[in-house]
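Take a look at the structure below.
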Amino acid sequence: KDSSDNYSKEQKFIRVMMEVDEVMSFRILDEMLEIIHKEDGKYICSVEVMDVDWFIGYVLSYGPYMKVLEPNFIIEKVTKAIDSMKLLYK
């Protein structure tokens, strides 16, 4: 095969599920694919992600108002990013 075939491959989308606090409803209504409003006021949302590193920063921009529910490897990356940030303040 020609090496140019590598450029024609599509990147894979990863579906991510999150729980978002109602104080951020103004953001999720514009940004998320699927939104379920729970009785406790929080939202369960999903989005398709291609750039995982960018998405980690996006999650962090929600501060304590977003929790990734799945997939596990995204949860692990968010946790590592938070741990790295905490080290800056020790």
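Start at 1 with the first residue, then count along the sequence. Because the structure is predicted, anything quoted here is derived from the model rather than measured.
- The two residues Ser46 and Met17 come nearest to each other via the heavy atoms CB-SD, 3.3 Å.
- A ring pair (Phe, Tyr, Trp, His ring centres under 6.0 Å) check over residues 23-46, counting only residues at least two apart or in different chains, returns the pairs His37-Tyr43.
- By the 30° and 60° cut-offs, the orientation of the rings of Tyr58 relative to Tyr62 is perpendicular.
- To the nearest 0.5 Å, the span separating CE on Met66 from CD on Glu19 amounts to 10.5 Å.
- In plain terms, the two heavy atoms of Leu33 and Arg15 that are nearest each other are CD1-NH1, 4.4 Å.
- The cluster map of Ile, Leu, Val, Met, Phe, Trp and Tyr, joined by side-chain heavy atoms under 4.5 Å apart, puts Phe73 and Val68 in the same cluster.
- Separating the NZ atom in Lys12 from the CD atom in Glu48 is a distance of 11.5 Å, to the nearest 0.5 Å.
- Considering every non-hydrogen atom in both Gly41 and Glu22, the closest pair reads O-CB, 3.1 Å.
- Annotation for Glu70 and Ile75: closest pair N-CD1, 4.1 Å, computed over non-hydrogen atoms.
- For Tyr65, there are no ring pair (Phe, Tyr, Trp, His ring centres under 6.0 Å) partners, not counting sequence neighbours.
- Linking Ile, Leu, Val, Met, Phe, Trp and Tyr whenever their side-chain heavy atoms come within less than 4.5 Å puts Val23 and Leu29 in one cluster.
- Remark: Ile74 CD1 to Ile56 CD1 distance equals 5.0 Å, nearest 0.5 Å.
- Using a 4.5 Å cut-off between side-chain heavy atoms of Ile, Leu, Val, Met, Phe, Trp and Tyr, with links allowed through other members, Trp54 and Met18 fall into the same hydrophobic cluster.
- Met50 and Val47 are not part of a single hydrophobic cluster, where members link through side-chain heavy atoms under 4.5 Å apart.
- Under the salt bridge (charged side-chain N to carboxylate O under 4.0 Å, His left out) criterion, Glu39 pairs with no residue, sequence neighbours left out.
- Once rounded to the nearest 0.5 Å, the distance linking CD of Glu34 with CD1 of Ile28 reads 12.5 Å.
- Ile36 and Val20 fall into different hydrophobic clusters, where Ile, Leu, Val, Met, Phe, Trp and Tyr residues are linked whenever their side-chain heavy atoms come under 4.5 Å apart, directly or through other members.
- Taking every heavy atom of both residues into account, Lys38 and Ile44 meet most closely at CD-CG1, 3.4 Å.
- The line from CG of Leu60 to CZ of Phe55 is 10.0 Å long, rounded to the nearest 0.5 Å.
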